[in-house]
J.: 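Provided herewith is a single structure, encoded as structure tokens, for subsequent inquiry.
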Protein chains: 2
Amino acid sequence: MLNTLSYGLLGLLAKEPCSGYDLMLRIQPFWQAKHSQIYPLLAKLERENYVQYERIEQRDKPDKKVYTITDVGREAVMEWLGEPPAETAFRDELSLKANCIWMTDRNTAAPLFLARMKQLETKIAYYEKLLTRIPEEERHIRSKHFGDYILLNRAVSLAEGQIEWCNWVIQMLEDGQDVLTSD
Amino acid sequence: MLNTLSYGLLGLLAKEPCSGYDLMLRIQPFWQAKHSQIYPLLAKLERENYVQYERIEQRDKPDKKVYTITDVGREAVMEWLGEPPAETAFRDELSLKANCIWMTDRNTAAPLFLARMKQLETKIAYYEKLLTRIPEEERHIRSKHFGDYILLNRAVSLAEGQIEWCNWVIQMLEDGQDVLTSD
DNA sequence: GCACGCATGTAATTGGTTACATGATTGG
DNA sequence: CCAATCATGTAACCAATTACATGCGTGC
């Protein structure tokens with residue numbers, strides 16, 4: 001039994017061989033992990049024969065280790081896929097701050113939600129850029145990009161839902177304030 | 001500078017004094033933390049004068065420590081509220097599994113999304129139950145329950161959005177399979 | 001000259017989970 | 001009798017972040 005990140009990395013390697021650096025970038029949208037976590041994990045997976053690597057020399061760039069999944073790795077992924085999905089871990093500082101709105105005024109509260117909206121808009125732009133890179137003919141189950149396609153769709157619609165929510169909250173903040181600040 | 005969970009706990013204590021056990025239950029919907037993390041944190045916050053506690057004896061139940069926020073604690077919360085919100089940390093095993101759908105068939109993939117839908121339905125029912133406990137007259141900015149009100153609303157609409165997404169994916173799995181399994 | 005991207009790694013620390021430990025009361 | 005709820009805590013471990021460390025090439 002490996003940890004979730006390990007399975008995530010193996011899942012990416014099942015599609016195509018990648019360097020650790022590459023894996024770090026690709027897993028970002030779905031699971032945040034720094035290189036300092038990924039490199040030692042890959043070394044461990046290699047020791048335990050889930051992956052193999054080959055050192056590739058590059059001109060103009062540092063050498064890289066290109067990892068390939070083994071049959072052991074592929075088996076592990078298939079087994080993992082059979083288990084029901086763990087519940088989503090959702091940790092949002094804004095929700096803890098929202099809990100404290102009653103202590104402050106609109107001038108403190110509103111910027112929190114405006115800042116969040118900007119974060120979300122940046123993300124949407126990024127996700128949509130990635131979506132346009134998936135051609136129509138790759139948007140079916142058997143395509144290796146089917147996962148990216150459905151996940152990017154979810155990411156965009158979730159972010160849009162949250163922007164709507166932020167607007168709703170900001171509206172409430174404005175409406176509610178008028179009643180209380182008549183001075 | 002405290003960690004996020006500490007501010008979350010202080011934010012709850014700013015509303016009303018609570019026991020550690022109580023805090024653990026109340027913070028669950030917004031930040032998952034076990035009692036084994038909360039109790040030592042509270043002890044640390046007490047040592048650093050952000051909170052105080054009083055031991056309360058109860059008939060028929062074990063003694064409890066009821067924590068109260070101090071002025072130092074309240075100041076810390078206000079300062080924290082002035083800072084922009086950290087980005088949401090969203091870790092979902094299902095998204096890593098979704099990435100691997102191309103490797104399997106409908107019989108492996110569909111149960112993943114069906115299981116997720118059940119998880120989401122359970123959560124929605126729970127959130128809606130909590131929502132009904134917030135009376136109309138508490139659903140405004142100055143109410144201590146304003147935070148719960150807007151957060152539960154978000155939680156419900158996000159969960160509903162995800163159920164829709166699951167249905168969309170399951171539909172794609174069914175449609176896509178027909179084309180390929182004509183034997 | 002400096003920042004940034006590519007590329008890899010380790011060390012120290014903090015954050016979070018699982019397991020161990022205790023003990024009373026209530027309801028099935 | 002067993003499980004669940006209330007109530008608190010510690011110990012061991014795993015997960016994750018931050019900081020330290022190196023080095024080349026490109027573009028500003």
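Throughout, a chain's letter reflects where its sequence line sits, starting with A, and its residues are numbered from 1.
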J.: Side-chain N or O of A:Y39 less than 4.0 angstrom from OP1 or OP2 on C:dG9?
T.: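 Answer no for this pair, as no side-chain N or O of A:Y39 is under 4.0 Å from OP1 or OP2.
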J.: Which whole-number value in Å describes the distance from B:M1 CE to C:dT13 P?
T.: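 So the CE-P distance, B:M1 to C:dT13, works out to 18 Å.
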J.: So, OP1 or OP2 of D:dT8: does either fall under 4.0 Å of a side-chain N or O from B:Y21?
T.: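 No.
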J.: Identify the two heavy atoms, one from B:D148 and one from B:I134, that lie closest to each other, and give their separation to 0.1 Å.
T.: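 Here B:D148 and B:I134 meet closest at CB-CD1, 3.8 Å.
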J.: Please determine whether a side-chain nitrogen of the Lys or Arg among A:E87 and B:K123 lies less than 4.0 Å from a carboxylate oxygen of the Asp or Glu.
T.: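 B:K123 and A:E87: salt-bridged.
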J.: Please work out which of the three classes, parallel, tilted or perpendicular, describes the rings of B:Y53 and B:Y67, given edges at 30° and 60°.
T.: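 Answer is tilted, since the angle falls between 30° and 60°.
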J.: Hey, are the side chains of A:W102 and B:K15 touching, using non-hydrogen atoms and a 4.5 Å cut-off?
T.: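 A side-chain contact under 4.5 Å exists here.
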J.: Could you run through nucleotides 16-22 of chain C and give me one letter per nucleotide, 5' to 3': B if any protein heavy atom sits under 4.0 Å from the base, S if only the sugar-phosphate is that close, - if neither?
T.: BBBB---
J.: What is the separation between atom CD on A:Q28 and atom C1' on D:dT17, rounded to the nearest whole Å?
T.: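 To the nearest whole Å, that distance equals 12 Å.
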J.: Whole-Å distance between D:dT8 C1' and B:M24 CE?
T.: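 Computing the B:M24:CE to D:dT8:C1' distance gives 10 Å.
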J.: Is the distance between the ring centroids of A:Y149 and B:W168 less than 6.0 Å?
T.: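 Centroid distance A:Y149-B:W168: below 6.0 Å, so yes.
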J.: Quick test of your reading: applying ring pair (Phe, Tyr, Trp, His ring centres under 6.0 Å), list the pairs with at least one residue in residues 8-30 of chain B, sequence neighbours left out, ordered by first then second residue.
T.: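 Passing the test, one end in residues 8-30 of chain B: no pairs.
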J.: Counting N and O atoms only, with roles assigned by atom type, does the side chain of A:S19 sit under 3.5 Å from a partner on the main chain of A:K65, one being a donor and the other an acceptor?
T.: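 Checking the backbone N and O of A:K65 against the side chain of A:S19, no donor-acceptor pair under 3.5 Å is found.
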J.: How long is the line joining CG of B:L2 and P of C:dT13, in whole Å?
T.: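 Rounded to the whole Å, the gap is 19 Å.
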J.: To the nearest angstrom, how far is B:L25 atom CG from D:dA7 atom C1'?
T.: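 B:L25 atom CG is separated from D:dA7 atom C1' by 11 Å.
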J.: Identify the two heavy atoms, one from B:A14 and one from B:K144, that lie closest to each other, and give their separation to 0.1 Å.
T.: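 Answer, listing the atom of B:A14 first, then B:K144: O-NZ, 4.5 Å.
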J.: Test of understanding: clusters of I, L, V, M, F, W, Y form through side-chain heavy atoms closer than 4.5 Å, transitively. Do A:F90 and B:L12 belong to the same one?
T.: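 Looking at the clustering, B:L12 is in a separate group from A:F90.
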J.: Rounded off to whole Å, could you give me the CD-to-C1' distance for the A:E93 and C:dG15 pair?
T.: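 It is 15 Å, rounded to the nearest whole Å.
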J.: For DNA chain D, what residues of residues 53-63 of chain A have any heavy atom nearer than 4.0 Å?
T.: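 Contacting residues: A:D60, A:P62.
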J.: Roughly, in whole Å, what's the span from CG in B:L42 to P in D:dG9?
T.: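 B:L42 atom CG is separated from D:dG9 atom P by 8 Å.
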